[in-house]
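The structure appears below as structure tokens.
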Number of protein chains: 2
Amino acid sequence: MSDTPKDQVSGDTAADRFLQQFTGYRIKRALLVVHEDMTETLVPLGLRVGTFAPLAVVAANPGISQTKLSDVLKIKRSGVVAVVDELERIGAIERKPVAGDRRTNALFMTTAGGKLWQQAEAAIQAHEDRLFTDLTDEENDQIRDLLSRVILRAERAKE
Amino acid sequence: MSDTPKDQVSGDTAADRFLQQFTGYRIKRALLVVHEDMTETLVPLGLRVGTFAPLAVVAANPGISQTKLSDVLKIKRSGVVAVVDELERIGAIERKPVAGDRRTNALFMTTAGGKLWQQAEAAIQAHEDRLFTDLTDEENDQIRDLLSRVILRAERAKE
DNA sequence: TCCGAATTGTTATGTCAATGAACAATTGAA
DNA sequence: TTCAATTGTTCATTGACATAACAATTCGGA
């Protein structure tokens, strides 16, 4: 195989280019690098990729229930339990009883959690700026719009 | 919470819109729906999302080694073993010894595998056309170009 | 008012994709 | 020739989910 004698940048081979004809594969690869960089960004804060989104939702929706959270995050209620456990354990949020319904937990951020969220949001904003720095603002808007349309369309089709 | 009384389309709440300010989250959600639809598309062919890409690479690179395959797919050699096992078990590809090197396996598609690949490629092409039908050709090119730049940039930064 | 159905959070268990560490066989290089 | 590197492999583990069952609680209709 003399056409690829020893290339460090293996993302530039003919085989790779062939594979990237599929948009789905590109999305996967893009998520891979984003996930990796995001993980490194959140480690110093004691957060993970899987706890950032829940924290964001609770920050924006004080008193949200776990079921509602599972709905927003598109994960099952059983999965929410572990995530809320973790965020509660590190003291970022807390479960509180709800007046009219003893089944439900209302999720609130602690004051420590508020500060943590401020840092996390700034860190992730910087991370995205860094990763997407090649893109103009217009391109950034475009890519987000296109992704949204794909998501909405597919979800509507599932009904 | 009277602002979201009972919406079936939970992807349209304020909470969700807030979360989607992060491009990384949109990518994740997009991959989720793409992955789901792709799975349904491949089931009738006896393939999975995780076996489609390897099959594509072997189709385009007859005689490729497992290590090279792991390099192209960005997964570890140990992970390739299981995938190649599966593709060999369903009779799509086969391991063949290499003349000059008794360590290496050369991967080739069987004739049955060739037909399977033809069907799979067509099915996935239809799947992408269906999912991305809202997008013009130009937008499709754009989104792929933008994703590529994100991927290349992030991978170069890791060196 | 009462009783069955639905909802909420939870536990236990499984699955799927991928990783890391160790290993034998083989090859390459000093 | 001998030591380092490479290839494929096994095994144990992880992370991020899903499914199924369950107790406690609430709701809705006879």
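We name chains A, B, ... by the order of the sequence lines, and we start the count at 1 in each one. The model shown is predicted, which means the values in this text are computed figures rather than measured ones.
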Atom-to-atom span, [atom1] of [X] to [atom2] of [N] - whole angstrom:
| X | N | atom1 | atom2 | answer |
| --- | --- | --- | --- | --- |
| A:Arg95 | D:dA24 | CZ | C1' | 16 Å |
| B:Ile64 | D:dG8 | CD1 | C1' | 15 Å |
| B:Lys76 | C:dT19 | NZ | P | 6 Å |
| B:Arg103 | C:dT27 | CZ | C1' | 4 Å |
| A:Glu36 | D:dT14 | CD | P | 20 Å |
| B:Leu73 | C:dA18 | CG | P | 9 Å |
| A:Arg29 | C:dA18 | CZ | C1' | 15 Å |
| B:Leu69 | D:dT9 | CG | C1' | 15 Å |

Please step through side chain to side chain donor-acceptor pair (under 3.5 Å) for the pair B:Arg95 and B:Gln66, ending with a clear verdict.
CA-CA 9 Å; B:Arg95 293 169 162 102; B:Gln66 295 186 195; 3.0 Å; yes
Would you indicate whether the side-chain heavy atoms of B:Lys96 and B:Leu107 approach each other to under 4.5 Å?
no
Taking the side chain as every heavy atom from C-beta outward, state whether A:Gln20 and A:Arg29 have any pair of such atoms under 4.5 Å apart.
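Touching, per the 4.5 Å side-chain cut-off.
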More 5' along DNA chain D: A:Gly50 or A:Arg102, using each one's nearest nucleotide?
A:Gly50
Can you identify which nucleotide, out of D:dT7, C:dG9, D:dT9, has its nearest atom closest to the B:Asn105 side chain?
D:dT9
Gap between atom CD1 of B:Ile143 and atom CD of B:Glu138 - 0.5 Å precision:
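With rounding to 0.5 Å, CD (B:Glu138) is 14.0 Å from CD1 (B:Ile143).
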Report the C-alpha distance between B:Arg26 and A:Ser148 in whole Å, list the side-chain angles of each, state the deciding distance to 0.1 Å, and finish with yes or no for side chain to side chain donor-acceptor pair (under 3.5 Å).
CA-CA 7 Å; B:Arg26 293 197 197 210; A:Ser148 290; 2.4 Å; yes
Taking 4.0 Å as the cut-off, does a side-chain nitrogen or oxygen of [X] come that near to OP1 or OP2 on [N]?
| X | N | answer |
| --- | --- | --- |
| A:Gln66 | C:dT7 | no |
| A:Lys28 | C:dA18 | yes |
| A:Arg48 | D:dT14 | no |

Check: A:Tyr25 ring centroid to B:Phe52 ring centroid under 6.0 Å:
no
Quick one, which residues of residues 77-88 of chain B touch DNA chain C with a heavy atom under 4.0 Å?
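B:Ser78, B:Gly79 - these, ordered by number, are the residues of the stretch whose heavy atoms sit under 4.0 Å from the strand.
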Residue met sooner reading DNA chain C from 5', once B:Ala99 and A:Thr67 are mapped to nucleotides:
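So the residue in question is A:Thr67.
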So does B:Asp129 have more than 12 non-hydrogen atoms from other groups sitting under 6.0 Å from CG?
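Yes - once you tally the heavy atoms of other residues, nucleotides and ligands closer than 6.0 Å, there are more than 12.
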